[in-house]
Amino acid sequence: MAQGSSQPHTVVLVVDENSNPFEMSCAIEVFGLRRPELGRELYDFRLCAVGPTTRMRDGFFTLTGVAGLDAAEAANTLIVPNRPDTDAPRDPRVLDVVRRAHARGSRLIGFCSGAFTIAEAGLLDGRRAACHWMWAKSFRARFPRVRLEPDVLFVDDGDILTASGSASALDLGLHVVRRDHGAEVANHVSRRLVFAAHRDGGQRQFVERPVPHVPDESLGPLLAWAQARLGEPLTVADLAARAAVSPATLHRRFRAQLGTTPLAWLTGERVALACRLIERGEERLDVVAAKSGLGTAANLRARVRHVTGLSPSAYRRRFGHRQGRGEGMRTV
């Protein structure tokens, strides 16, 4: 789609025999729902399948009434099929659709075992990818030329993005919305989902979540307290003092409940706030840095570029106020 076009970006999900319904639902939830409160449509979402009926995973139900594979030819972004029987070869017609989409410049997304589909199409050789930890050994054996990152939630390799597991489909979906429309819109979508707005793709897949002891050790109140004070010179020691625990104990709780460190979480929240301030029209980088707690304009530039791949000025051009009416969506 040409930058500046008023037409929404077309996302097409291909459903294949024995596909997982959860990831299909994640795609529908993130890309398919209408959001009239935003005043515009974010995506034109479509489903398609090889045949008129598709038996979903373990025969839980049969999908009917969706378009044929021809619908995939209009995709700006193509979400490839995923399914638990990773050793079974994909339908050649599906692989052809994936190859054609990539050849014409469409973005490809694979959720969970979807990386197998993209790799089988021959499009991941020499490239980075994620898949579920259960299939990492099998994936490496079948596709040794792919640079598998087995421990991460998702991998953004430009025009090919892959998520490791079922829940990380939501993480990757929100990452794509953020990449396309900015942090403000992604936060809105995450609130509708009642899901964390941002978990970095580099976080580990497996996070221990023990049953909390009594009294409740939930981090929720602490996170809310910190989010209201991001512009202040908060440190990990401050967070630990607020929670009335030692820094080491706080670190363990963050690792167990969020899969990250207190410092990484705090930095991520500050970058997200900085992005929102830029989107809302604040042009003075020193002001954005101060209000978000990032300190200096130099640190702001480095952090925003690390997270978004864009300089603050480029981020403003793409996601500033003029983009709020549907202009300037990222194309791939």
Side-chain angles (χ1 to χ4, degrees), residues 130 133 149-154 164-165 167-168 170-172 174-175 178 183-184 186-191 193-280 282 285-308 312:
W133 59 268
E149 299 185 12
D151 260 351
V152 302
L153 292 179
F154 61 83
S164 59
S168 58
L170 288 174
D171 291 301
L172 179 53
L174 288 171
H175 171 77
R178 186 180 305 106
E184 194 77 35
N187 286 342
H188 172 84
V189 175
S190 73
R191 286 193 297 271
L193 285 164
V194 195
F195 189 76
H198 178 66
R199 291 199 298 169
D200 185 76
Q203 290 186 32
R204 292 175 62 86
Q205 289 183 36
F206 181 72
V207 179
E208 293 182 359
R209 300 182 184 273
V211 176
H213 300 292
V214 178
D216 181 16
E217 297 178 350
S218 169
L219 289 174
L222 176 64
L223 301 185
W225 177 83
Q227 286 169 330
R229 294 164 175 81
L230 293 174
E232 300 177 12
L234 289 179
T235 66
V236 174
D238 294 327
L239 297 180
R242 176 69 182 183
V245 298
S246 69
T249 297
L250 185 70
H251 191 280
R252 287 194 296 272
R253 289 185 184 175
F254 265 75
R255 278 293 186 190
Q257 296 184 40
L258 300 179
T260 189
T261 66
L263 181 59
W265 176 85
L266 190 59
T267 301
E269 290 297 311
R270 283 172 164 158
V271 172
L273 175 56
C275 289
R276 292 197 297 273
L277 291 170
I278 293 170
E279 291 177 31
R280 292 170 184 171
E282 179 55 69
L285 295 189
D286 56 339
V287 173
V288 174
K291 287 185 175 180
S292 63
L294 291 174
T296 66
N299 189 43
L300 169 71
R301 291 187 186 95
R303 295 295 184 180
V304 169
R305 183 179 291 277
H306 175 74
V307 171
T308 69

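Counting begins at 1 with the first residue of the sequence.
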Show which side-chain atoms of residues 224-237 pair as donor or acceptor with protein atoms under 3.5 Å away, not counting sequence neighbours.
unit_1 : atom_1 : unit_2 : atom_2 : d
Gln227 : NE2    : Glu269 : OE1    : 3.1
Arg229 : NH1    : Trp225 : O      : 2.9
Thr235 : OG1    : Ala237 : N      : 3.3
Thr235 : OG1    : Asp238 : N      : 3.1
Thr235 : OG1    : Asp238 : OD2    : 3.1

Kindly give the heavy-atom pair with the smallest separation between Ala183 and Cys275, and that separation in Å.
CB-CB, 3.9 Å
Do any N or O atoms from the side chain of [X] and from the backbone of [Y] form a donor-acceptor pair under 3.5 angstrom?
| X | Y | result |
| --- | --- | --- |
| Ser292 | Val288 | yes |
| Glu282 | Val287 | no |
| Thr296 | Asn299 | yes |

[atom1]-[atom2] distance between [X] and [Y], expressed to the nearest 0.5 angstrom:
| X | Y | atom1 | atom2 | result |
| --- | --- | --- | --- | --- |
| Thr267 | His306 | OG1 | NE2 | 9.5 Å |
| Arg301 | Leu294 | CZ | CG | 12.5 Å |
| Leu250 | Leu222 | CG | CG | 6.0 Å |
| His175 | Thr308 | NE2 | OG1 | 10.0 Å |
| Ser164 | Trp133 | OG | CH2 | 11.5 Å |

List the steps and the verdict of side-chain contact (heavy atoms from CB on, under 4.5 Å) for Thr261 and Phe254.
CA-CA 6 Å; Thr261 66; Phe254 265 75; 5.8 Å; no
Can Leu273 and Lys291 be said to form a side-chain contact (heavy atoms from CB on, under 4.5 Å), step by step?
CA-CA 8 Å; Leu273 175 56; Lys291 287 185 175 180; 5.6 Å; no
For side-chain contact (heavy atoms from CB on, under 4.5 Å), just list the numbers for Arg303 and Arg270, CA-CA rounded to whole Å, side-chain angles, deciding distance to a tenth of an Å, and then say yes or no.
CA-CA 9 Å; Arg303 295 295 184 180; Arg270 283 172 164 158; over 6 Å; no
Could you go through the side-chain contact (heavy atoms from CB on, under 4.5 Å) check for Asp286 and Leu300 one step at a time?
CA-CA 8 Å; Asp286 56 339; Leu300 169 71; over 6 Å; no
